[in-house]
Amino acid sequence: MKVNYLFFTFFFLICVTPSISQNINLCGTDLVMKRYIETYRPNYKKPIIDNISRHSSHNNNTKIIPVVFHIIHNGHLIGEEENISPEQIEDAMRLINEDFNAINEDLDNVISEFINIVGDADVEFRLAQRDPEGNCTSGITRTFSEMTNQANDCVKSIISWDDTKYINIWVVEDIDVEIGAAAYTYLPGTLWGNEIEGIIINHEYLGSIGTSSNTPYKRHTLSHEIGHYFNLSHTWGYGSNGEEENCGYDDDVSDTPNTIGAYSTCNLAQETCGSLDNIQNIMDYSSCTCMFTNGQVDRMHACLSSGYRNNLWSNSNLWDTGTHPDYNNSECEPIVDFFISPVNRICVSSPIQFMDNSPLLDNNIDYSWSFVGAEPDFSLDKNPIVVYPEAGEYDVTLNIITDDGTNSITKTYTVYNSSMNLTESFQNTSFPINNDPSLSWSIIGPETETSWARTPISSTSTTGSVRIRSRFFDCYKTHYLYTPNLDLINFGLGVGEPLKIWFDLAYGKRNNDTDDLLVISYSKDCGKTWQVRASWDTDALITTSQSTVGNNFIPNNSEWEERSVNIQAAAGENDVIIRFEFSGDRGSYLYIDNVRLTGEWIDIDELSNSQQLDIINTIDLLGRKNTKSKLQINIYNDGSVNKIYKID
């Protein structure tokens, strides 16, 4: 039975039930299809993509498919959490090659009614050995990004390779709750323009080792998605799994019986549409999936011979990607990379860990680090921790030695000192860069979008502010503006005003669809952890009497407001950073000017011992009245002072 189901060809997700994975909900297919069609193709009239399944082109030649894994991680060590190990990637590659060549061990469980139609796709997946620029690669990339959390198509903007040459697989911490799935992909030909096709997958559903597990619905998840990538539908056709109406739909494969689908069960005698269901099919949701059928193999090969996928396995592409059987990578030097964790900032006298990020599959690796100006200045560890006693710019070199050769990389880092003052009116035309590195600000945002930038417009008689707008943001991406490091050791010791960050703000709502958010946070440990202190949504940000301001809001003198944020809990710390975090959609400009720090400041070290004790006694009495505030100052015989603050 064939039914024309247009929407079914737009998008597919693998869905996992709550009973088989905590925090992963039922299928989000309908929601995502609806969102995609309404947002990008409201007048879409393209015929369904079923013509590529009309004729089988299956032959006796094995098709080799280049694969690249893009691991999007939160700064964990390789092998921890979503920054999965090379061994887990290798295991996933083993499993998909077994599934698509019908040599997976659990095929022994296929019941007699379907054993004669088990399909062998004769496809071999290989990790790419050459990247799009022709450089040597292991077929694994690793990128630090917060977008690994609640991931969706936005991760493709972080890193992607030519999808006519590689199957891109993005490995993430978890997937957008609105999608609610373990993994998803688009069917061939669904996307348009320059949108990248590929598979996004939760790391807990990749392979059978490491962060995943050896259960059918996990070890076959990637095979399920590749099935969609090669134009296979779910066995029940379009619609939610388990619905009686599914008997009226079909997957356009003749040897897969019509079914309503299985649902985290393994009832091998299940009959839902007048015949025995093939619930062991990898394109079902049962708890015992393990097979493709001959008809599904024919459909996949028809797809691979179509214009959507036929370049993947072409002879020229196999040479370009280093996956040709005759390709020899012996001349490739080992790939070397590293990053610092958990943030890309180094503070004086604050320990910082350098993490190897080299995507190597060879376990026989020797590391040699050189740290100019650091203590220690040399290390043989894989992920060493060092301290820089003085501010400045320093080179860091990592040299790697493997059985295949030696290679090295050098990166330059700025080590920041802490300033005891913060007064920024953005008059410096070279902002955020300052001649004194300790006074430089930092801007971090997606490379594809315009971020925070200085403008001559000001809230005072001076010239200068920073501004940003979300009109052209995609996927609610977040842009960060960081102050210099602040030395607040001697702030907050008095009994007057608490420590605060003040700034002038101007903002107008572009239209009724605008959805912006400004969040102010601080870090007391050089950016390792952050505490949110204030946030304003669209309506709370507005400083003008205009209901909407259009695209290019430019405030007049009366359209600025003074805002402040209490950061008293950061008093007594010497590596404090203030972060302005902006995200949104369809907005006009937000301006910030005249950022300054206020609060009672006392230079303890210049006071006599008796004066210091008077301060201690005063604050101790206050602390007894307010148990949320505690201060301890230890004064030693040599005159040195140790201050410990606990202010909630």
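The NE2 atom of His70 lies 9.5 Å from the OH atom of Tyr166; values are rounded to the nearest 0.5 Å. Taken from CD1 in Ile226 to NE2 in His220, the straight-line distance is 12.5 Å, to the nearest 0.5 Å. Once rounded to the nearest 0.5 Å, the distance linking OG1 of Thr221 with CD1 of Ile201 reads 5.5 Å. Between atom CG of residue Asp176 and atom CG of residue Asn152 there is a gap of 5.0 Å, rounded to the nearest 0.5 Å. Taking CZ from Arg142 and CD1 from Ile71, the interatomic distance works out to 3.5 Å, rounded to the nearest 0.5 Å. Distance CD1/Ile409 to OG1/Thr397: 9.5 Å, rounded to 0.5 Å.
With Asn281 contributing its side chain and Thr289 its backbone, the two residues share no donor-acceptor pair below 3.5 Å. No donor-acceptor distance shorter than 3.5 angstrom exists from the side chain of Ser408 to the backbone of Asn399, with no hydrogens or angles considered. In this structure, Asp174 contributes its side chain and Gln150 its backbone to a donor-acceptor pair below 3.5 Å. Checked by atom type and distance alone, the side chain of Ser418 pairs as donor or acceptor with a backbone atom of Asn574 at under 3.5 Å. Remark: the backbone N or O of Asn97 is paired with a side-chain donor or acceptor of Asn101 at under 3.5 angstrom. Judged purely by atom type and a 3.5 angstrom limit, Thr185 uses its side chain to pair as donor or acceptor with the backbone of Gly198. Under a 3.5 Å cut-off, the side chain of Ser440 and the backbone N or O of Ile433 do not form any donor-acceptor pair. At distances below 3.5 Å, not a single donor-acceptor pair connects side-chain atoms of Ser350 with backbone N or O atoms of Cys347. Side-chain atoms of Asn485 do not come within 3.5 Å of backbone N or O of Val576 as any donor-acceptor pair. Side-chain atoms of Trp313 do not come within 3.5 Å of backbone N or O of Val123 as any donor-acceptor pair.
Between Val68 and Ile169, every side-chain heavy-atom pair lies at or beyond the 4.5 Å cut-off. Ile578 has its side chain within reach of Ile520: a pair of non-hydrogen atoms, C-beta onward, lies under 4.5 Å apart. For the pair Tyr522 and Arg579, the minimum side-chain heavy-atom distance is 4.5 Å or more. Met147 is listed as a side-chain neighbour of Cys154, based on a closest heavy-atom distance under 4.5 Å. Inter-residue side-chain proximity for Leu398 and Ser368 is flagged as unmet; no heavy-atom pair is nearer than 4.5 Å. With a 4.5 Å cut-off on side-chain heavy atoms, Cys290 and Val110 count as touching. Counting only heavy atoms from C-beta outward, the side chains of Met300 and Phe100 approach each other to under 4.5 Å. A 4.5 Å side-chain heavy-atom check between Ile577 and Tyr416 finds every atom pair outside the cut-off.
Using cut-offs of 30° and 60° for the angle between ring planes, the Trp319 and Tyr327 rings count as perpendicular. The aromatic rings of Phe338 and Trp369 stand perpendicular to each other, their planes meeting at an angle above 60°, with 30° marking the opposite boundary. Taking the six-membered ring where the residue is Trp, Phe580 and Trp441 present parallel rings, their angle staying beneath 30° rather than reaching 60°. Between Phe582 and Trp452, the ring-plane angle classifies as perpendicular under the 30° and 60° cut-offs. Note: His234 and Tyr285 have perpendicular aromatic rings, judged against thresholds of 30 and 60 degrees for the angle between ring planes.
Using a cut-off of 4.0 Å between Lys/Arg side-chain N and Asp/Glu carboxylate O, Glu197 and Arg309 are scored as salt-bridged. A salt bridge does not link Glu90 to Arg94: none of the charged side-chain nitrogens sits closer than 4.0 Å to a carboxylate oxygen. Using a 4.0 Å cut-off between a side-chain N of Lys or Arg and a carboxylate O of Asp or Glu, Asp337 and Lys411 qualify as a salt bridge.
Taking both residues in full, the closest heavy atoms of Pro66 and Leu312 are given as CD-O, 3.2 Å, listed atom of the first, atom of the second, then distance. Closest heavy-atom contact between Met355 and Asn383: CA-OD1, 3.2 Å. Scanning both residues, Trp161 and Arg130, for their nearest heavy atoms gives CZ3-O, 4.3 Å. The two residues Thr164 and Asn317 come nearest to each other via the heavy atoms O-ND2, 4.4 Å. The shortest heavy-atom contact between Ser442 and Arg345 is OG-NH2, 2.8 Å. Listed here is the closest heavy atom pair of Ile64 and Thr323: CG2-O, 3.8 Å.
Inspection of the Thr62 and Asp122 side chains reveals an N or O donor paired with an N or O acceptor under 3.5 Å. There is a side-chain donor-acceptor pair under 3.5 Å between Glu146 and Tyr480. No hydrogens or angles considered: nothing links the side chains of Asn74 and Glu173 as a donor-acceptor pair under 3.5 Å. Side-chain N/O atoms of Asp381 and Tyr367 include no donor and acceptor closer than 3.5 Å. For the 3.5 Å distance criterion, the side chains of Thr211 and His203 qualify, holding a donor opposite an acceptor. Residues Thr412 and Asp395 bring a donor and an acceptor atom of their side chains to less than 3.5 Å of each other. No side-chain donor-acceptor contact under 3.5 Å links Ser145 and Thr143. Side-chain N/O atoms of His479 and Glu449 include a donor and acceptor closer than 3.5 Å. Using modelled atom types, one finds a donor on one side chain and an acceptor on the other under 3.5 Å when comparing His301 with Lys63. No donor-acceptor contact under 3.5 angstrom links the side chains of Tyr205 and Lys218, judged on distance only.
Aromatic ring centres of Tyr413 and Phe354: separated by under 6.0 Å. Taking the six-membered ring where the residue is Trp, the centroids of His224 and Phe292 are separated by 6.0 Å or more. With ring centers used as reference points, Phe371 lies 6.0 Å or more from Phe378.
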Item to complete: Any chance you could lay out the side-chain contact (heavy atoms from CB on, under 4.5 Å) test for Gln280 and Ser286, step after step, and finish with the verdict?
Response: CA-CA 7 Å; Gln280 291 177 298; Ser286 79; 5.6 Å; no
Fill in: side-chain contact (heavy atoms from CB on, under 4.5 Å) between Ile196 and Trp170, worked out
CA-CA 12 Å; Ile196 300 296; Trp170 292 269; 3.7 Å; yes
Worksheet item: For Phe69 and Leu206, what are the C-alpha separation, side-chain angles and deciding distance, and is it a side-chain contact (heavy atoms from CB on, under 4.5 Å)?
Response: CA-CA 11 Å; Phe69 286 85; Leu206 186 70; 4.0 Å; yes
Discussion item. Could you go through Asp366 and Ile400, starting from their C-alpha distance and side-chain angles, then the distance that decides it, and tell me whether this counts as side-chain contact (heavy atoms from CB on, under 4.5 Å)?
Written reply: CA-CA 6 Å; Asp366 291 327; Ile400 283 183; over 6 Å; no
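None of Asp106, Asp99, Asp91 except one satisfies the salt bridge (Lys or Arg N to Asp or Glu O under 4.0 Å) rule with Arg219; the exception is Asp106.
The neighbour count for Glu390 CD, taken as heavy atoms of other residues, nucleotides or ligands under 6.0 Å away, does not exceed 12. Within 6.0 Å of atom CG in Asn435, 12 or fewer heavy atoms from other residues, nucleotides or ligands are found, so the atom counts as exposed in its surroundings.
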